Protein chains: 2
Amino acid sequence: MDPVERAHSVTIRDVARAAQVSPATVSRVMNRRSTVDVELARRVQQAAASLGYHPSAVAQGLARGRTDLVSILVPDLGNPMFQSVLRGISRAAGVEGYRVLVTDSHEMPLEEPFLAQETRLRTDGLVLCSPRSHDQELLELAGKLEPFVLVNRHVEGLLAPTVAVDYAAGIRALVAHLAGLGHRHVAYLSGPMASVSNQQRLDTLHASAEGRFELTVLECGSMHEDGYEAADRALGTGATAIIGYNDLVALGALGKFHAIGVSVPDQVSVVGFDDIAFARYASPMLTTVAVPQEALGEEAWQRLSAVLRGEEPPADVCFTPRLEVRQSTARNPR
Amino acid sequence: MDPVERAHSVTIRDVARAAQVSPATVSRVMNRRSTVDVELARRVQQAAASLGYHPSAVAQGLARGRTDLVSILVPDLGNPMFQSVLRGISRAAGVEGYRVLVTDSHEMPLEEPFLAQETRLRTDGLVLCSPRSHDQELLELAGKLEPFVLVNRHVEGLLAPTVAVDYAAGIRALVAHLAGLGHRHVAYLSGPMASVSNQQRLDTLHASAEGRFELTVLECGSMHEDGYEAADRALGTGATAIIGYNDLVALGALGKFHAIGVSVPDQVSVVGFDDIAFARYASPMLTTVAVPQEALGEEAWQRLSAVLRGEEPPADVCFTPRLEVRQSTARNPR
DNA sequence: CCATATGCGGAAAGCGGTTTCAGCGGTGCG
DNA sequence: CGCACCGCTGAAACCGCTTTCCGCATATGG
């Protein structure tokens, strides 16, 4: 009764009382369920409006067994690549009335399983974006994560819908490009060592560089600063071309070269991965392997959405990235 | 009973039954509330573990009247500025066990009130980031949004905790810098016309440019592409310096100039706002007004957190941005 | 040794909705 | 005119968990 103590929101019962109907009827009106007498409906609408009633999403969630929320877990919210995927999902999900809960694992693979489970518990489904955990861990976790979809990662034996990118093809295109420009020594600025996608790129790189050029691998990281810091180390190896783990790293290297007066691509070529928006606006414009980022998110949502509706999700998709040759690569000057 | 039909998750009752205790006791054990006999506790723990029990966040939310979720509404998830703020909030909130629900209004001021309310309904609190709506609208909405905090925007007469940036000071520093370099004609690439912050910058710009240089305003936008597209238009006005609405716009212009062979800063100076990470890595490195982005998010969380705990939030804070002079500005060549 | 304080655990009442089910009056048809 | 059916509404169960309240058993003090 105490108005101070009960600052709480107005409930369906309050509306029912005001409109002199039962809560059931209010619920029906609010949800346009079975037909309700037009006069009653009007009374309910009016009561709801004048009381400023809004149904509690939490209570609805409990009653309906559905929250209209989905989670997405990314390794680094600071990476435009994941931001784009997030945008893609967020936009597509929004159209169907779903909202998105974001969790950032801050590139800490060990935290990932816990975070994934924790965030999943709060929503109806989950999108795992470039998970850094091991296959084994994901397989064990799968049961508790369902329904979920996997983005940017294929896990053998996992039944979850997957939206992936054929990075191997991207690597091969990159290698062919650099070899074609006459480069005989290439440095790879490696991503987080724990990252599976880094491992894959590394394997493919080794395999396809074989016989074409010498490959030097330098531990680096996944962010701007890492690339910036590693750039001159890479140059020191004598490499004439540098492959960044992703665009962030490549752009970081670009920045460093500019700062120390090393000309790209005249003295050294630089390439990245992802084709984030800034790759096109950097100077020189970054040659990179273009991944359809928003489409990745969009496709991920299509699959999650289907599963949530109890339907069969579309078949797994694997985008073949496109080599985007711009200005940061040129013929080997030596 | 049918295992197919009841694929549903295991509830607290299942655990209670398995451990031969009441649901109340299970709850107590799970929440380490009042002391429970160690033997019983063990039984419960074990039952929970073996059944793979995890309490339903939704049910907890309803029962406790608290979701441990907060919302954040941003005008453009694609803007690194907001991503940083989001990171700041997300990180700070995470420490206290809160997760973040993100909503992107896609620079559509008219949608904002609806989205704000909608997203607020699902959580315990809201962070409104650079809202584009009018003061009036926000004032009317305030009651239904509480508790919330305002970032990057001050609204007269609004009691909500506010974390702001003194853009006027930034503008003045910028104007002084450009005037000091001898620029007599400056073009402003205006942000979304509906945006309040754009309006403010415009006003301050007009006021402080008075008597120092001629100011031409061009409608532009808030994104990369907008800046890219507007760059040569700006050059066409005869301006020797260009102020972008934000870094995205400025970097877009930089990209265009590079593409068409206009040298920055030799032929034209370019400055932006925010100091997103890429500003430092662009070439030439962008002169800009640096806003402490993650700190903005962090401070916002401190205030929201206090209100959620029922405490008095810290006083409003207003960061004074710092002019970050880099390489994209130089003396007027004419 | 009895009365009172103390602590632990279960029953039950919510939290704020949705949904099933049954009752009610009214209509159509035989 | 009576019966079956139909559409609309309210009562009540339920979603899964928390928390108050109460009873019981044991420890404690007089």
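As the structure is a prediction and not an experimental result, all values here were calculated from the model. Throughout, a chain's letter reflects where its sequence line sits, starting with A, and its residues are numbered from 1.
Note: CG (B/D37) to P (D/dT26) measures 12 Å, nearest angstrom. Nucleotide C/dG17 holds its P atom 10 Å from the CG atom of B/L121, rounded to whole Å. For the pair A/L51 CG and C/dG16 C1', the interatomic distance rounds to 15 Å; values are reported in whole Å. In this structure, CZ of B/R66 is placed 21 Å from P of D/dG16, rounded to the nearest angstrom. Whole-Å rounding puts the A/Q20 CD to D/dG10 C1' distance at 14 Å. One interatomic measurement links the two molecules: CG of B/L62 to C1' of C/dA13, which rounds to 13 Å at whole-angstrom precision. When rounded to the nearest whole Å, the span between CD of B/E39 and P of C/dG9 equals 11 Å. Atom CG in B/D68 sits about 20 Å away from atom P in C/dC15, given to the nearest Å.
Salt-bridge formation is detected for the pair B/R87/A/D76: a Lys NZ or Arg NE/NH1/NH2 atom is positioned less than 4.0 Å from an Asp or Glu carboxylate oxygen. Under a 4.0 Å N-O distance rule, the pair A/R91/A/E294 qualifies as a salt bridge.
Within 4.0 Å (heavy atoms only), A/V58 reaches no atom of the nucleic acid at all.
Listed nucleotides D/dC8, D/dG16, D/dG10 differ in distance to A/S22; the shortest reach to its side chain belongs to D/dG10.
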message: Walk along nucleotides 18-24 of chain D from 5' to 3' and tag each nucleotide B, S or - by protein heavy-atom contact under 4.0 Å, base first, then sugar-phosphate.
response: SBB----
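In this structure, a donor-acceptor pair under 3.5 Å is present between the side chains of B/E112 and B/S133.
Between the B/R132 side chain and the B/S195 main chain, no donor and acceptor come within less than 3.5 Å of each other.
With sequence neighbours excluded, no residue forms a side-chain hydrogen bond (donor to acceptor under 3.5 Å, both in side chains) with A/S56.
Partner of B/S71 under the side chain to side chain donor-acceptor pair (under 3.5 Å) criterion, out of B/D124, B/T103, B/T123: B/T123 alone.
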